[in-house]
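Here's the structure, in structure tokens; my notes come after.
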Amino acid sequence: MTFMKLCPGDQLPVHFNTLKVKMAAPARQAVKQTLEKGSFMYRLKKWCYYKSYFPELGLRKDDIFVDGGMMRPVLKEALRRIPKEELDARNFRIMRANQLSMMKQVLPRDQWTDFDSDKAYLQPYIDEVMKEMEERKEWDAK
């Protein structure tokens with residue numbers, strides 16, 4: 001999962017997955033653990049998920065990446081690598097969301113994106129491209 005924050009000085013996004021942060025073993029294990037369905041954190045994340053606007057439009061989490069800024073080349077390459085069917089489905093969801101937003105409507109509740117079935121389809125490709133870019137920088141530096 002990619003987490004972003006803005007640096008106070010230069011207002012550029014910093015991606016936490018690219019930072020080399022050393023954590024103690026229990027902290028690493030806690031990050032990798034999945035949430036139990038009855039836990040407080042699961043319910044909080046589910047509540048936050050449905051309070052955001054994108055599930056009402058039928059979008060998935062990976063559909064809302066912004067194709068711009070310093071992540072543009074990474075996202076462009078990741079989108080080039082995903083299967084054509086997945087790219088077509090993504091484009092359909094984005095176009096439908098734009099249409100619904102223009103008409104100031106949302107999908108019926110049974111067509112909303114489900115929290116439990118919304119899995120990252122683009123993030124593995126983004127991680128792969130970022131690793132390749134870091135490796136290319138290391139090779140260029142030598």
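If you're wondering where the values come from, they're calculated on a predicted model, not measured in any experiment.
The shortest distance between side-chain heavy atoms of Phe65 and Gln123 falls below 4.5 Å. Side-chain contact between Met133 and Val74 is present, with heavy atoms from C-beta onward closer than 4.5 Å. In this structure, Arg60 and Tyr121 have side chains that are in contact, with non-hydrogen atoms separated by less than 4.5 Å. Contact check for Trp112 versus Leu57: no side-chain heavy atoms found under the 4.5 Å cut-off. Between Met71 and Met130 there is a side-chain heavy-atom pair separated by less than 4.5 Å. Side chains of Lys119 and Asp62 form no contact here, defined as non-hydrogen atoms less than 4.5 Å apart.
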Worked check of side-chain contact (heavy atoms from CB on, under 4.5 Å) between Ile64 and Tyr53 = CA-CA 11 Å; Ile64 60 173; Tyr53 186 50; over 6 Å; no

Please step through salt bridge (charged side-chain N to carboxylate O under 4.0 Å, His left out) for the pair Arg136 and Asp140, ending with a clear verdict.
-> CA-CA 6 Å; Arg136 196 173 299 131; Asp140 289 343; over 6 Å; no

side-chain contact (heavy atoms from CB on, under 4.5 Å) between Ile82 and Leu122, intermediate numbers included = CA-CA 7 Å; Ile82 66 172; Leu122 189 58; 3.6 Å; yes

When you look at Asp116 and Lys37, which way does the side-chain contact (heavy atoms from CB on, under 4.5 Å) test go after all the steps?
-> CA-CA 10 Å; Asp116 294 322; Lys37 293 213 179 209; 3.4 Å; yes

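Here the CD atom belonging to Glu128 is positioned 11.0 Å from the CD1 atom belonging to Ile126, to the nearest 0.5 angstrom. The CD atom of Glu132 lies 11.0 Å from the CD atom of Glu134; values are rounded to the nearest 0.5 Å. One finds the OG atom of Ser52 at 10.5 Å from the CH2 atom of Trp47 (value rounded to the nearest 0.5 Å). The line from CG of Asn98 to CZ of Arg93 is 13.0 Å long, rounded to the nearest 0.5 Å.
No donor-acceptor pair closer than 3.5 Å links the side chain of Asp63 to the backbone N or O of Ile94. Looking at Tyr50, its side chain does come within 3.5 Å of a backbone N or O of Phe115 through a donor-acceptor pair.
Residues Arg80 and Tyr125 have side chains that never bring a donor and an acceptor to within less than 3.5 angstrom of each other.
Between Phe92 and the options Arg90, Met95, Arg96, a side chain to side chain contact (heavy atoms under 4.5 Å, CB included) holds for only Arg96.
Within a 6.0 Å radius of CE in Met103, other residues, nucleotides and ligands contribute more than 12 heavy atoms.
One finds a salt bridge joining Arg81 and Glu77 here, because a Lys/Arg side-chain nitrogen approaches an Asp/Glu carboxylate oxygen to under 4.0 Å.
Contact detail for Val129 and Ala78: the closest heavy-atom pair is CG2-N, 4.1 Å. Annotation for Val66 and Leu75: closest pair O-CD2, 3.7 Å, computed over non-hydrogen atoms.
Tyr49 and Phe40 fall within the same hydrophobic cluster, where Ile, Leu, Val, Met, Phe, Trp and Tyr residues are linked whenever their side-chain heavy atoms come under 4.5 Å apart, directly or through other members.
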